[in-house]
Amino acid sequence: MVRPHLLNLQPYSSARDEFDQSKVDINQFVFLDANENPFNTGYNRYPDPLQRELKKKISSIKGVPYDQIFVGNGSDEAIDLIMRLFCSEGDTIHIPYPTYGMYEVSAKINNVNIKRSLLDENFNLGDVDMNQKIIFLCSPNNPTGNLLDVQSVLDKFNGIVVVDEAYIDFSSKPSFIKQLGNYPNLIVLQTFSKAWGLAGLRLGMAFADAEIIALLNKIKPPYNISSATQKLALQALARNEQTDEWVKSIKSERSRVAAELTKLPLVKDVFPSEANFLLVRIEGAAEIYHELVGSMIVVRDRSQVVRCSDCLRITIGTPEENDQLLDALRKSK
Ligand SMILES: *Cc1c(COP(=O)(O)O)cnc(C)c1O
């Protein structure tokens, strides 16, 4: 599946990787190898290109072996690298839609063809072409909020199956990372941007067979994750009870907001959600969007998206923010 010329690519060799570090205490060394500034600013040294400490911690939390973990500058970097690892110009990927927009943008940047298949009225998978290079399955799906039948695709798809689990922490179902051992063509994406509350850091994870991870590491920019990001992510991973609390609050607010929205006459449908947002069908969605902006509340207008006519995608905020939203909608019209 890999583009042949990448299999033999000699990757950029960073200065400190050219000798065996396993038997020495690297902190005792004098570094005159990378043209860094010797004066200590806290950030005068290049970061670890393989993010070893960070990935060891992720490995222990996620229960995925270290050599099956890739970290990127957001999931978006992983999506782009996956596209470039497997697809030459003219290859075709499959995207069930409506879904997250980055798969399509990344395909277009790389001049890769897109075969789309429309989700049905309940946002479930329709006809899937099992013979394309890559399929991108966003589950829970953005913007519809439901889980897709990933297993049915894994059992039949003949290319690479990318399962984007950006919202998995808010879901009632487990991650597909447990299936990595059974499917060498499976890549699971997760992110620090949602449950971990670190969208501003830009840190995404890809979990896959060790061979795929080694190839992604080979083609990534050598220092793709800054020292600051690696340090702050480690701090976040050390306080994962905080993340669990946030997730609990967001899930309970999701139920409360859904119940309150259902009571409003304007609201036609509140779709079940396994994510940290609700897709809501509401009379005059586009006008409501602008009314909400007038009340200094921004939601996502998805009313022009196929299968999502008259729909707003509303992220679950703090209880106070959710109350502001509900008050504004109650006053509407
Ligand atoms: C928010 C989101 C992401 C996160 O992307 P990052 O680049 O990691 O911030 C990934 N996939 C989907 C479907 C999302 O909605």
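Any value given below was found using the heavy atoms of this structure, including those in side chains, with hydrogens, waters and symmetry copies removed. Just so you know, ligand 1 is whichever comes first in the structure, and atom 1 is the first atom listed for that ligand.
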query = Near ligand 1, which residues have a heavy atom under 4.0 Å away from one of its atoms?
reply =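 Around ligand 1, where the cutoff is 4.0 Å for heavy atoms, the contacting residues are G74, S75, D76, Y100, Y103, C138, N142, D164, A166, Y167, T191, S193, K194, R202.
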query = Can you name the side-chain contact (heavy atoms from CB on, under 4.5 Å) partners of N40, sequence neighbours left out?
reply =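 With neighbours one apart ignored, the set is N44.
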request  = Find the distance between CG (D149) and OG (S139) and round it off to the nearest 0.5 Å.
outcome  =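 Interatomic distance, D149 CG to S139 OG, rounded to 0.5 Å: 9.0 Å.
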request  = Give the ring-plane orientation class for F277 versus Y167, where under 30° counts as parallel, over 60° as perpendicular and anything between as tilted.
outcome  = perpendicular
message = Can you tell me how the ring of F19 sits relative to the ring of F29, calling it parallel under 30°, perpendicular over 60° and tilted otherwise?
response =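 Judged by the thresholds at 30° and 60°, the geometry between F19 and F29 is parallel.
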remark   = The remaining residues in the hydrophobic cluster of M296, counting side-chain heavy-atom contacts under 4.5 Å among Ile, Leu, Val, Met, Phe, Trp and Tyr, are none
Contacts of F170 that satisfy ring-ring contact (aromatic ring centres under 6.0 Å, His included) - sequence neighbours left out = none
